[in-house]
Amino acid sequence: MARAACSSVVTALSLLPSKSHHLLRNQFSFSGKSNKFVGVLTLERRCFSSTVSMSLKAGIVGLPNVGKSTLFNAVVENGKAQAANFPFCTIEPNVGIVAVPDSRLQVLSKLTNSQKVVPASIEFVDIAGLVKGASQGEGLGNKFLSHIREVDSILQVVRCFEDNDIVHVNGKVDPTSDIDVINLELIFCDLDQIGKRLDRLNKGKPKDSQSKVKEEAEKSALQRIQEALLDGKPARSVALNDLEKDAVKHLCLLTMKPMIYVANVAETDLADPDKNSFVQQVKALSSDLQSGHVVVSAQVESELTELPLDERTEYLNSLGVSESGLGNLIRATYSLLGLQTYFTSGEKETRAWTIHAGMTAPQAASVIHSDFEKGFIRAETVAYEDFVSAGSLAAARDKGLLRSEGKEYIVKEGDVMLFRFNV
């Protein structure tokens, strides 16, 4: 399909100001023997490593009137998008940051009498509605696609409900067609970028042998990706080695990004979405396209924001569900990106940290500050369930549940960690 159509067409941490460095250093104890500062993590500022960002970013795309901006408004506390029955009401990207729901934070906070709780966060970017031909200048054109090049994943909202009062841009509800339209526009955008990049590579000459190796790897990867795109397949479907992945990373190809299809249903379908034939289409396509999927009701999410916190659970239970759409979205995003959470908890704060599954203890420490990886000594670690059952860190130590882990330890989901390091 794409080939036929084409024939016509973790943020690096900035050094803290000197005052902040003094604040950080004053929390350490000085060891005369080693002539170094030996400390335990008690950071008050939010820090980022050079490889993993504490704040995930997800770009929300979809055809006009699929419930995209309604969903954005509902899940983002300070969202300013104009949700209206008009195809191009969201002209500029809307960005909002929300806390990642995690009931474990409050439990840990109570056990350690923390002064504050700091959850992990996810940033949503609401992008103006795409239409067929956007890459050719239709609708708002493809200028807004650049706004999602830096996101970690793409959430494609797909309309799976009938409502005569909300006009569908193509005249009827058809998830398969809607997904094809969006994916084709993303493919066209990538093809355009790859074509330009290959032209530059073919015309230029490498500066040295190392550059030549990298450019040859990039050219080989891009040629194979180009073939896949022309066959209607996303860039992420192409098997690349580490050198090739690194060589094409700078292009931020849209179809290389992990995709989650968000089936937006009516509230009556939320409890048993498998009975919805539109949802069945989305599930089948997401599997074929090596993507994730999740079912939400943007209307229910919107109604939740109008209820007091203590009434939201009761409302969800009345609909036959136990979790909000936000929780489902974030869980699906974490799963698709291979992410997990560990905690630090003490009197000053209890905080959730996001890392890639499989990270070692020093790598997990680097999410807080790169110095903690460089000066890593050990990580005092206890599983969340063991910490809760013991009631305190001291009790966990007495019961032999608190472990001293070294540099090779692979951090597990829910670990509560206390890092020891030299700086």
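Numbers for residues simply follow the sequence, beginning at 1. Hydrogens, waters and symmetry mates play no part in the numbers below; they use all other heavy atoms, side chains included.
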*Asks:* Grab the two heavy atoms, one from G62 and one from I182, that are nearest each other, plus how far apart they are.
*Replies:* C-CD1, 3.8 Å
*Asks:* Per the salt bridge (charged side-chain N to carboxylate O under 4.0 Å, His left out) rule, what does the pair list look like for residues 393-404, sequence neighbours excluded?
*Replies:* E380-R397, R403-E405
*Asks:* Are any non-hydrogen side-chain atoms of V367 and T354 less than 4.5 angstrom apart?
*Replies:* no
*Asks:* Please work out whether the ring planes of F419 and Y342 are parallel, tilted or perpendicular, with thresholds of 30° and 60°.
*Replies:* perpendicular
*Asks:* Is the closest side-chain donor-acceptor distance between D178 and Q156 under 3.5 Å?
*Replies:* no
*Asks:* I'd like to know if the side chain of S335 reaches the main chain of A332, judged simply by a donor and an acceptor atom lying under 3.5 Å from each other, with no hydrogens or angles considered.
*Replies:* no
*Asks:* Is there a donor-acceptor pair closer than 3.5 Å between any side-chain N or O of D152 and the backbone N or O of L337?
*Replies:* no
*Asks:* Is atom NZ of K249 surrounded by more than 12 heavy atoms (other residues, nucleotides or ligands) closer than 6.0 Å?
*Replies:* no
*Asks:* Distance alone, cut at 3.5 Å: any donor-acceptor contact between the side chains of S211 and D208?
*Replies:* yes
*Asks:* What pair of heavy atoms forms the shortest contact from R149 to L251, and how long is it?
*Replies:* NH1-O, 3.8 Å
*Asks:* Check the pair F421 / F372 against ring pair (Phe, Tyr, Trp, His ring centres under 6.0 Å), numbers first and verdict last.
*Replies:* CA-CA 6 Å; F421 54 89; F372 302 150; 4.2 Å; yes
*Asks:* If you compare all heavy atoms of V98 against all heavy atoms of V75, which two are closest, and at what distance to 0.1 Å?
*Replies:* CG1-O, 2.7 Å
*Asks:* Do the side chain of K57 and the main chain of E150 share a donor and acceptor less than 3.5 angstrom apart?
*Replies:* no
*Asks:* Set out, in order, the CA-CA distance, both residues' side-chain angles and the distance that settles side-chain contact (heavy atoms from CB on, under 4.5 Å) for L285 and Y261, then state yes or no.
*Replies:* CA-CA 9 Å; L285 282 169; Y261 293 97; 5.9 Å; no
*Asks:* Flag the pair T333 / L155 as yes when at least one side-chain heavy-atom distance between them is below 4.5 Å, and no otherwise.
*Replies:* yes
*Asks:* Using every non-hydrogen atom in the two residues, find where L307 and E311 come nearest and quote the distance to one decimal.
*Replies:* CD2-OE1, 4.0 Å
*Asks:* Would D126 and K68 satisfy salt bridge (Lys or Arg N to Asp or Glu O under 4.0 Å), going step by step from the backbone distance to the final call?
*Replies:* CA-CA 8 Å; D126 181 21; K68 178 173 59 67; 2.9 Å; yes
*Asks:* Provide the closest heavy-atom pair for V66 versus V157 in the form atom of the first, atom of the second, distance.
*Replies:* CG2-O, 3.6 Å
*Asks:* If we ignore angles and hydrogens, is there a donor and acceptor under 3.5 Å between the side chains of S297 and E267?
*Replies:* no
*Asks:* Rounded to the nearest 0.5 Å, what separates atom OG1 in T268 from atom NZ in K275?
*Replies:* 11.0 Å
*Asks:* Check each of L111, T350, T344, V382 against V416 using the side-chain contact (heavy atoms from CB on, under 4.5 Å) test, and report the only one that passes.
*Replies:* V382
*Asks:* Quick one: do the S404 and R420 side chains pair a donor with an acceptor below 3.5 Å?
*Replies:* no
*Asks:* Using only heavy-atom distances, determine whether the side chains of D415 and T381 contain a donor-acceptor pair under 3.5 Å.
*Replies:* no
*Asks:* Are a donor atom and an acceptor atom from the side chains of S220 and R224 found within less than 3.5 Å of each other?
*Replies:* yes
*Asks:* Would you call D102-R104 a salt bridge at under 4.0 Å N-O?
*Replies:* yes
*Asks:* How close do T70 and S302 get, heavy atom to heavy atom, and via which atoms?
*Replies:* CG2-CB, 4.2 Å
